[in-house]
Protein chains: 2
Amino acid sequence: MSKCEQCIVRKFNSLKELTKDELIRITACKTSRIIKKGDVIFKEGDHLNGIFCIKEGICKVSKMSENGRNQIINLIHRGNIIGERSLISDEISNLTAVALSDMDVCFIPKEEIIKDLEKNPGFTLDVLKTMATSLKTADNLIVNMAQKSVKQRLAETLLHLEGKFKTNNKGAIDIHLSREDIANIIGTATESAIRLLSELKKKKIITFMGKDIAILDKQELEKIAQGF
Amino acid sequence: MSKCEQCIVRKFNSLKELTKDELIRITACKTSRIIKKGDVIFKEGDHLNGIFCIKEGICKVSKMSENGRNQIINLIHRGNIIGERSLISDEISNLTAVALSDMDVCFIPKEEIIKDLEKNPGFTLDVLKTMATSLKTADNLIVNMAQKSVKQRLAETLLHLEGKFKTNNKGAIDIHLSREDIANIIGTATESAIRLLSELKKKKIITFMGKDIAILDKQELEKIAQGF
DNA sequence: TCGAAAAACTGATATATATCATATTTTAAA
DNA sequence: TTTAAAATATGATATATATCAGTTTTTCGA
């Protein structure tokens, strides 16, 4: 069992605010889990009973609309925590998390986190700051979804993905998403996403490298994202 | 100058967690403001330097998209607090707040709230819980905006408005919004909103009462909201 | 390595929604 | 009260996007 006190991943999230003693307590009760690509970490309606700290890998966080269409709300990677919103509200999960790659995560039981929230104001404040940032991001997404065209949202998504996941040694965006996933991020039909990607490829703004996508003309993509 | 200790409005927000002493301190430094319908309370890019506690009236909280279209993110009324997200992130405001009616609000300076956040864990935890709820609401809105048709969103908005603002003595939804405001809530062109409202009126699902709207057939509206 | 299933792709068509134009009604200011 | 401006309404049309149908390519398990 790896020790939280020595885990570098906590530096990237609110757990960095915990004291050594608190971390030792967490180490004692947390469980490590290996999650296979495609596995469901949790789904809408689940009682979570804790939070997940992502040590390695990527997952998508999504929600079903009443129409039966799936909307990806966020992509989560190393260092992030998921499940904390439901924990704080003391509710069943409103979201579904599915692994996009093999993952290495730690599960920390609810009671331990609540103990820290009640006893360590620095931790609580950091969780609050993180949530404030999430809320700002969500507000931006609402505006984009409501006001921008699918083409704009696709361009923006590609730029955002490159910024977040960087490029691999071949210059391609370092995350593999299916066409359906991309469609579910921008909120459109899979066919529409495919068509618009093909169009961008034809215009040499992007290119496909095996399963990945590389941005060739960032400037042009930024223009499209802004509606030109 | 009214006293926070005696103010009933605080019972509806996180300020309820403050101690008597803390409230007395807030009373000493807060300022009351009368805001006229149509006035801007704050706008995107403003340094807020505090939060606003709404004692009376309603305001819309919105954000401009890069396209130059305005998206209303939330409607805020008596008991709610605005400006706390920017305060916690220590950022300029990402949103604009405009009064939809004459308002009576209290402005509480940033330093005082920060003091309480640092010293009163119950207060911080309540702010955190409120923000967790806001985040859930925002996530739902993302999904609706991305996956539902304008017609669905209009129906849902009308139902939501009735639930939130109740009906007046004539049975109309007790908030007055311009057609443009309604369009900016559902994220569509004003003409489209008008057309769809007319359609609902023609079908006797809603009716117009002067400036207000009344829901005549809630069941049917719920069906439309669900995509039928 | 084969074959079935899944994913990616393309075309044709329908439909929802935006846009532009213009008319009518309401509001508010002079 | 009159009048200009704003809000509401409606029609015509263009366009973006969804949907349905079918093909090709890729993936992966037996």
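Lettering follows sequence order; numbering is per chain, from 1.
- Under the 6.0 Å distance and 45° angle rule, B:Arg85 does not count as a cation-pi partner of B:Phe42.
- Electrostatic pairing of B:Lys63 and A:Asp139 does not count as a salt bridge here, judged by no charged N lying under 4.0 Å from a carboxylate O.
- Atom NE2 in A:His176 sits about 12 Å away from atom C1' in C:dA6, given to the nearest Å.
- Note: CD (A:Glu180) to C1' (C:dA8) measures 11 Å, nearest angstrom.
- In this structure, the side chain of B:Arg10 engages the main chain of B:Cys4 through a donor-acceptor pair within 3.5 Å.
- Judged by distance alone, the side chain of A:Arg179 and the main-chain N or O of A:Ile194 form no donor-acceptor pair under 3.5 Å.
- Residue B:Ile224 holds its CD1 atom at 8.5 Å from CG of B:Leu154, rounded to the nearest 0.5 Å.
- Taking each heavy atom of B:Gln226 and B:Gln152 in turn, the nearest pair found is C-NE2, 3.4 Å.
- Residue B:Lys129 qualifies as open at atom NZ: its count of foreign heavy atoms under 6.0 Å is 12 or below.
- Note: CD1 (B:Ile213) to C1' (D:dA7) measures 14 Å, nearest angstrom.
- Remark: P of C:dA8 and CD of A:Glu199 are 19 Å apart, rounded to the nearest angstrom.
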Given protein heavy atoms under 4.0 Å, the one-letter contact record of nucleotides 9-19 of chain C, with B base, S sugar-phosphate only and - none, is simply BBBB----SBB
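- The minimum heavy-atom distance linking B:Glu66 with A:Ala225 is given by the pair OE1-O, 3.9 Å.
- Considering only heavy atoms from C-beta on, B:Ile58 comes within 4.5 Å of B:Phe165 through its side chain.
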Could you run down nucleotides 22-30 of chain C 5' to 3' and tag each one B, S or - for protein heavy-atom contact under 4.0 Å? -----S---
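- A distance of 11.5 Å separates CD1 in B:Ile206 from CD in B:Glu162, rounded to the nearest 0.5 Å.
- The C1' atoms of five pairs define one axis at each end of the helix from C:dT1-D:dA30 to C:dA30-D:dT1, and these two axes lie 50° apart (to 10°).
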